Undergrad: 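Below you will find the structure I want to go over with you.
Everything quoted here is computed from the prediction, not taken from an experiment. For the single chain, residues carry numbers from 1 onward in sequence order.
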Amino acid sequence: MTPVKVLVIGGGAREHALCRSLSLDPDVTALHCAPGNAGIAAVAEVHPVDALDGAAVAELAASLGADLVVVGPEAPLVAGVADAVRERGIPAFGPSAEAARLEGSKAFAKSVMASANVPTARSYVCTTPAEIDAALDAFGAPYVVKDDGLAAGKGVVVTSDLDVARAHALACDQVVIEEFLDGPEVSLFAVTDGDTVVPLQPAQDFKRALDGDQGPNTGGMGAYSPLPWADPKLVDEVLETVLRPTVDELRRRGTPFSGLLYAGLAITSRGVRVIEFNARFGDPETQVVLARLKTPLAALLHAAATGTLASFPPLRWTDGAAVTVVIASHNYPGVPRTGDAIEGLAEADAVEGAYVLHAGTARDAASGGVVSAGGRVLSVTGTGEGIPEARERAYEAVSRVRLPGGQYRTDIAAGK
């Protein structure tokens with residue numbers, strides 16, 4: 001691959017993980033991120049930009065001479081930022097606004113899955129109180145209620161309390177109510193150029209805020225990879241029954257999907273079922289998947305952005321494992337407290353096989369120190385020969401971070 005200048009759009013732990021991997025890629029000659037965060041600034045040059053403003057992002061990419069723009073978060077993708085970049089003649093990794101509806105609308109995703117015969121939960125799309133009541137009654141408890149639009153990973157309520165389920169549904173303009181899927185959940189990413197589909201390694205995340213999968217849903221409190229308990233044929237099965245049919249259906253509809261297709265799966269007693277699709281790298285699964293990827297990341301993403309995945313060599317992976325633990329701010333996933341000083345970052349980074357990725361952080365103008373600036377503040381990743389070693393290293397690093405009011409789960413990847 002020829003040397004490339006890369007611009008990553010976003011400022012969370014996912015983008016920090018992407019920037020970290022890209023910074024280790026010998027083909028990357030310049031690495032930029034906008035708007036970035038306090039941690040990303042250590043590996044990439046950061047620039048202020050409104051990530052939802054496609055024209056501004058495209059202008060920044062052109063001014064930097066970027067050879068590849070990687071759009072990280074879902075909101076800019078749904079807003080058409082990748083389209084704006086491509087219109088300037090710059091390769092962009094990320095689907096068009098039309099294709100990103102796969103994440104931007106649960107109802108649209110259900111329509112695509114139905115057309116492509118992709119296995120998923122039975123569901124109803126509801127817009128009125130009467131439809132909501134009928135759907136809740138049809139499925140019974142536990143109730144699964146999903147806001148149709150983007151909700152930063154917190155638009156889903158799974159509850160046995162009918163009043164809670166109904167209240168959440170009534171608060172949404174349009175809602176998808178579906179049957180509860182039993183069994184463990186798996187996240188599987190695939191890189192695609194709209195034709196060829198290349199699956200990555202599976203991961204499992206932990207969505208509930210508290211130990212033992214208790215408490216409210218969050219954007220994710222930790223993850224691990226690989227999955228020693230999963231069927232070795234799982235990736236091939238999902239590729240053939242979920243990923244390729246979905247990409248083929250979107251291409252058939254005239255809205256080809258190019259970028260990262262994320263399938264959230266339930267391994268049920270009746271087989272694999274799709275819980276949801278995302279149109280970008282997931283957080284915190286990205287942290288553990290990229291920690292294990294040996295193939296240079298820039299070449300893979302560039303091949304997807306330029307339609308040349310068919311000739312890309314097979315991906316290479318480490319034999320080891322990775323575990324990531326999210327440190328969240330006080331009161332997360334409610335309105336988080338921000339502005340708290342974060343200490344011990346260098347000590348955490350000094351743990352063998354571990355490193356800290358920043359999410360909701362910023363530089364304090366007065367002290368120059370790092371402070372919390374969001375709900376999920378840090379993502380601490382440990383690597384090792386197996387999950388137990390990776391987990392031990394991750395939690396050792398977590399123990400060295402000091403954040404007033406900070407919270408994290410203590411059971412990420414326990415017993416795996």
Undergrad: Is the terminal nitrogen or CZ of R101 (NZ for Lys, CZ for Arg) located under 6.0 angstrom from the six-membered ring centre of F108 and within 45° of that ring's axis?
TA: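 Yes, R101 sits over the ring of F108.
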Undergrad: Could you list the residues that satisfy salt bridge (charged side-chain N to carboxylate O under 4.0 Å, His left out) with D182, not counting sequence neighbours?
TA: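 Salt bridge (charged side-chain N to carboxylate O under 4.0 Å, His left out) check on D182 returns nothing, list empty.
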Undergrad: Are S225 and R292 linked by a side-chain donor-acceptor pair shorter than 3.5 Å?
TA: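 The criterion, which ignores hydrogens and geometry beyond distance, is satisfied for R292 and S225.
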Undergrad: Return a table of donor-acceptor pairs under 3.5 angstrom between the side chains of residues 75-92 and protein atoms on other chains or two or more places apart.
TA:
residue	atom	partner	partner atom	Å
D83	OD1	A97	N	2.9
R86	NH1	A92	O	3.1
R86	NH1	G94	O	2.9
R86	NH2	G94	O	3.0
R88	NH1	E59	OE1	3.1
R88	NH2	E59	OE1	3.3

Undergrad: Under the salt bridge (charged side-chain N to carboxylate O under 4.0 Å, His left out) rule, what pairs show up with a residue in residues 196-206, not counting sequence neighbours?
TA: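 Every salt bridge (charged side-chain N to carboxylate O under 4.0 Å, His left out) pair that includes a residue of residues 196-206, provided the two are not neighbours, is D205-K207.
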Undergrad: Does anything in residues 349-373 pair up under salt bridge (charged side-chain N to carboxylate O under 4.0 Å, His left out), and if so which pairs, sequence neighbours excluded?
TA: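 Listed once each, the pairs are E352-R393.
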Undergrad: I need the full list of salt bridge (charged side-chain N to carboxylate O under 4.0 Å, His left out) pairs touching residues 110-122, with sequence neighbours left out, sorted by first then second residue.
TA: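 As it turns out, the salt bridge (charged side-chain N to carboxylate O under 4.0 Å, His left out) pairs with a partner in residues 110-122, which skip direct neighbours, are K110-E178, R122-E179.
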Undergrad: Output all residues satisfying salt bridge (charged side-chain N to carboxylate O under 4.0 Å, His left out) with D53, sequence neighbours left out; order by chain, then residue number.
TA: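 D53 satisfies salt bridge (charged side-chain N to carboxylate O under 4.0 Å, His left out) with no residue once adjacent residues are dropped.
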Undergrad: With sequence neighbours excluded, what pairs up with R400 under the salt bridge (charged side-chain N to carboxylate O under 4.0 Å, His left out) test?
TA: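 Here the qualifying residues are E396.
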Undergrad: Y143: what forms a ring-ring contact (aromatic ring centres under 6.0 Å, His included) with it, not counting sequence neighbours?
TA: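 Residues passing ring-ring contact (aromatic ring centres under 6.0 Å, His included) with Y143: none at all.
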Undergrad: Partners of H32 by ring-ring contact (aromatic ring centres under 6.0 Å, His included), sequence neighbours excluded?
TA: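 Counting only residues at least two positions away or on another chain, H32 forms a ring-ring contact (aromatic ring centres under 6.0 Å, His included) with H47.
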Undergrad: Under 4.0 Å between a Lys/Arg side-chain N and an Asp/Glu carboxylate O for K233 and D236?
TA: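 D236 and K233: not salt-bridged.
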Undergrad: Applying ring-ring contact (aromatic ring centres under 6.0 Å, His included), can you list everything that pairs with Y395, at least two apart in sequence or on another chain?
TA: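 Partners of Y395 by the ring-ring contact (aromatic ring centres under 6.0 Å, His included) criterion come out as none, since no residue qualifies.
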Undergrad: Who are the ring-ring contact (aromatic ring centres under 6.0 Å, His included) partners of F277, not counting sequence neighbours?
TA: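 For F277 there are no ring-ring contact (aromatic ring centres under 6.0 Å, His included) partners, ignoring immediate neighbours.
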Undergrad: Between Q407 and Y332, do the side chains contain a donor N or O and an acceptor N or O under 3.5 Å apart?
TA: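 Note: Y332 and Q407 side chains miss the donor-acceptor criterion.
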Undergrad: Which residue pairs pass the ring-ring contact (aromatic ring centres under 6.0 Å, His included) test with at least one member in residues 353-386, sequence neighbours excluded?
TA: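 Residue pairs passing ring-ring contact (aromatic ring centres under 6.0 Å, His included), neighbours aside: H16-H358.
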